[in-house]
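Below: the structure, in structure tokens.
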Amino acid sequence: MSEIVTRFAPSPTGFLHIGGARTALFNWLYARHHGGCFRLRIEDTDRVRSTDAAKQAILEGLVWLGLNWDDDPVYQSQRSERHTEAAQRLLSEGRAYQCYCTPEELAEMRAQAKTAGRSARYDGRWRDRDSSDAPAGAKPTIRFKAPKGGETVVDDKVQGLVRIANSELDDMVLLRADGTPTYTIAVVVDDHDMGVTQVIRGDDHLVNAARQQQLFHALGWPAPSYAHIPLIHGSDGAKLSKRHGALGVEAYREAGILPAALRNYLLRLGWSHGDDEIISTEQAISWFDLDSVGRGAARFDREKLLSLNGHYMRESDPGFLADMVMDRLEKSQGTLGSIARDRVRRAIPGLIARSKDISELADKSAFYVAERPLVPDGKAARLLDDSGRKLVTLLAVYLDKLDDWQPAALENAVRTFAEREEMKLGAVAQPLRAALTGSTASPGIFEVLAVLGRDESLARMGDVKI
RNA sequence: GUCCCCAUCGUCUAGAGGCCUAGGACUCCACUCUUUCAAGGUGGCAACACGGGUUCAAAUCCCGUUGGGGACACCA
């Protein structure tokens, strides 16, 4: 059996969005599963819309997601000679022809077809017309002489047998009037030259597959196998696009989503393996196949992504998470001193289960490194009324005598204090929490005390003294 | 409009004729744990779009309807 080759072929006109990321993931998984090759092709032939920034964002997005490609990326714009050559060959073999229609003429043709209730397509008026009829000085486009009768069948690995009447497929332009090749011929030539055996891409290309198969046939090359995966929809059920709520993967990265979580989420969006939800990359590689790809479009659900992310965070190394949190904290509040860094490091394990992404983790860490005196939020301020402050002050005096500032000893001391005051632990813990964290929700209060350390804890308690 | 694709809880999905009184996950709700908030544990609400067939038997097969999506460029 020859080697499996897949490819991901984004056009660099925007960032790598969630749909593209999933397409890349499926291609990558398929190639890895079969021990084949996953290649990258940048379809940058649209010079006006393609940007270097977008290209960069796509490559970085793939790297961040851990989808490493094989060989060097192919840049479509650098291969136009090959594309033109193929089109010229079709022309010389009589499988393509020159068309002198003006854009206005074509627009009118489409309008008429539409009102007549037909598919808007080129009617082939120059197909058999002699070039000597050409208007003087006009430059022709080169069009493919598509088969007229019968149908083209795409044996799609996801959608099944898709039959399209050839009358629905018009003679597409291969070379523009200025001589540059179009996407249609470029993809076919590139897929062939790159040795692509399995194309996996969005559903929106399904009809293109029929056209491309015709071109492969005309060129005398074997066509790759196709698999068209359903698109990802936004929460409103419409195709996700840049102007429609689609975010680039870097947005998820910035929000503090872990690559493993995004991979797992994207994998389950449209593909399944029984009831499995948490799927490691190793399992994904060994289980992935095209048979289990669903055929209906899926809606993007942020809640589920977040829940998965929470799971992966709990499985992550706390030190690794701490580094990411510190980067964020330093970005928002400047360089952290060694005491602050040490506090964050010790605080992270107790914060992980309380956060669903890294930015939330950073937010929840902030009180540990905040400058005194803390500004309590509304609920915390209410806990720190006169009696609350008095209580905290009394407790501070009591804790000041403690030698061992470890969680167990602190708990013991605070419980004893509460008993002596004939109060429930919670009644003591809440005002203390308010004084220590400025909030009513935090990790266990004894842990907070311990991480903050004796001096800082006592100082924060002193700050609320009447 | 024409062509193509799709259709199970709100969402992602399991289900390839009897195992389905339809399973799992997210969300939501309750309980539990508990110093708060989470996480964890337990339980609950919640779906086969509709109409015809085929069959002893249909969520599963066929046809139609409806609904949704996509494609219809000298863009990719």
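Per chain, numbering begins at 1; letters A, B, ... match sequence-line order.
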Which one, [options], comes nearest to the side chain of [X]?
{"X": "A:V207", "options": "B:A76, B:A71, B:C5", "value": "B:A71"}
{"X": "A:Y183", "options": "B:A76, B:C5, B:C26", "value": "B:A76"}
{"X": "A:E43", "options": "B:C74, B:C5, B:A76", "value": "B:A76"}
{"X": "A:N208", "options": "B:U35, B:A76, B:A25", "value": "B:A76"}

Mind checking if [X] touches a base, just sugar-phosphate, or nothing, with heavy atoms under 4.0 Å?
{"X": "A:G294", "answer": "nothing"}
{"X": "A:D170", "answer": "nothing"}
{"X": "A:A177", "answer": "base"}
{"X": "A:H205", "answer": "base"}
{"X": "A:E411", "answer": "nothing"}
{"X": "A:R295", "answer": "sugar-phosphate"}
{"X": "A:L231", "answer": "sugar-phosphate"}
{"X": "A:E277", "answer": "base"}
{"X": "A:T45", "answer": "sugar-phosphate"}
{"X": "A:R433", "answer": "base"}
{"X": "A:C99", "answer": "nothing"}

With respect to the phosphate group of [N], does any side-chain polar atom (N or O) of [X] fall under 4.0 Å of OP1 or OP2?
{"X": "A:R121", "N": "B:U2", "answer": "no"}
{"X": "A:R143", "N": "B:C74", "answer": "yes"}
{"X": "A:R268", "N": "B:A25", "answer": "no"}

Would you mind pulling out the nucleotide paired to [N], Watson-Crick or G-U wobble, both distances under 3.5 Å?
{"N": "B:C28", "result": "B:G44"}
{"N": "B:A14", "result": "none"}
{"N": "B:C20", "result": "none"}
{"N": "B:U34", "result": "none"}
{"N": "B:C61", "result": "B:G53"}
{"N": "B:G1", "result": "B:C72"}
{"N": "B:A7", "result": "B:U66"}

With rounding to the closest Å, how many angstrom separate the [atom1] atoms on [N] and [M]?
{"N": "B:G43", "M": "B:C61", "atom1": "P", "value": "33 Å"}
{"N": "B:C56", "M": "B:G51", "atom1": "C1'", "value": "23 Å"}
{"N": "B:C33", "M": "B:G40", "atom1": "C1'", "value": "8 Å"}
{"N": "B:C62", "M": "B:G10", "atom1": "C1'", "value": "31 Å"}
{"N": "B:G23", "M": "B:U8", "atom1": "C1'", "value": "11 Å"}
{"N": "B:A58", "M": "B:A46", "atom1": "C1'", "value": "23 Å"}
{"N": "B:G44", "M": "B:G68", "atom1": "C1'", "value": "31 Å"}

**Request:** Go through residues 440-449 of chain A and report each residue with a non-hydrogen atom lying under 4.0 Å from RNA chain B, sorted by number.
**Result:**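 Within this stretch, A:T440, A:A441, A:S442, A:P443, A:G444, A:I445, A:F446 sit under 4.0 Å of the strand.
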**Asked** When the aromatic ring centroids of A:W126 and A:Y100 are compared, is their separation below 6.0 Å?
**Response**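 They qualify: ring centres under 6.0 Å apart.
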Residues in salt bridge (charged side-chain N to carboxylate O under 4.0 Å, His left out) with [X], at least two apart?
{"X": "A:R89", "value": "A:E93"}
{"X": "A:D463", "value": "A:R372"}
{"X": "A:E105", "value": "A:R125"}

Distances under 3.5 Å between protein N/O atoms and the N/O atoms of nucleotides 63-65 of chain B, please, pair by pair.
none

Table of protein N/O atoms under 3.5 Å from nucleotides 38-44 of chain B N/O atoms:
residue: B:A38; atom: O2'; partner: A:A353; partner atom: O; Å: 2.6
residue: B:A39; atom: O4'; partner: A:A353; partner atom: O; Å: 3.1
residue: B:A39; atom: O3'; partner: A:R314; partner atom: NH1; Å: 3.3
residue: B:G40; atom: OP1; partner: A:R314; partner atom: NH1; Å: 3.2

**Item:** Of A:S307 and A:A298, the one whose closest RNA chain B nucleotide lies more 5'
**Value:**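 Nearest nucleotide further toward 5': that of A:A298.
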**Request:** With sequence neighbours left out, write down each residue that passes side-chain hydrogen bond (donor to acceptor under 3.5 Å, both in side chains) with A:R211, or none if nothing qualifies.
**Result:**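 Checked A:R211 against side-chain hydrogen bond (donor to acceptor under 3.5 Å, both in side chains); matches are A:D170.
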**Message:** Going by side-chain hydrogen bond (donor to acceptor under 3.5 Å, both in side chains), name the residues that satisfy it together with A:K145, two or more places apart in sequence or in a different chain.
**Reply:**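 Residues passing side-chain hydrogen bond (donor to acceptor under 3.5 Å, both in side chains) with A:K145: none at all.
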**Item:** Integer-rounded Å distance: B:U36 C1' and A:D377 CG
**Value:**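 Going from CG in A:D377 over to C1' in B:U36 covers 12 Å.
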**Prompt:** Is a donor on one side and an acceptor on the other found under 3.5 Å between the side chain of A:W405 and the backbone of A:V451?
**Reply:**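 Not a single qualifying donor-acceptor pair exists.
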**Asked** Going by the side chain to side chain donor-acceptor pair (under 3.5 Å) test, which pairs reach into residues 426-443 of chain A, not counting sequence neighbours?
**Response**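 Found A:Q430-A:R433, A:R433-A:S442.
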Distances under 3.5 Å between nitrogen or oxygen atoms of protein and nucleotides 15-23 of chain B:
residue: B:G23; atom: N2; partner: A:D275; partner atom: OD1; Å: 2.7

**Message:** Tell me which pairs pass salt bridge (Lys or Arg N to Asp or Glu O under 4.0 Å) where either residue lies in residues 412-428 of chain A, with sequence neighbours left out.
**Reply:**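 Only A:E411-A:R415 qualify under salt bridge (Lys or Arg N to Asp or Glu O under 4.0 Å).
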Output side-chain donor-acceptor pairs under 3.5 Å for residues 257-266 of chain A, partner residues at least two apart or in another chain, one line each.
residue: A:R263; atom: NE; partner: A:L65; partner atom: O; Å: 2.9
residue: A:R263; atom: NH1; partner: A:T281; partner atom: OG1; Å: 2.5
residue: A:N264; atom: OD1; partner: A:I279; partner atom: N; Å: 2.9
residue: A:N264; atom: OD1; partner: A:Y312; partner atom: OH; Å: 2.5
residue: A:N264; atom: ND2; partner: A:E277; partner atom: O; Å: 2.9
residue: A:Y265; atom: OH; partner: A:D301; partner atom: N; Å: 2.7
residue: A:Y265; atom: OH; partner: A:D301; partner atom: O; Å: 3.4

**Prompt:** For the residue pair A:F288 and A:Y30, does the interplanar ring angle fall in the parallel (under 30°), tilted (30 to 60°) or perpendicular (over 60°) class?
**Reply:**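 Judged by the thresholds at 30° and 60°, the geometry between A:F288 and A:Y30 is perpendicular.
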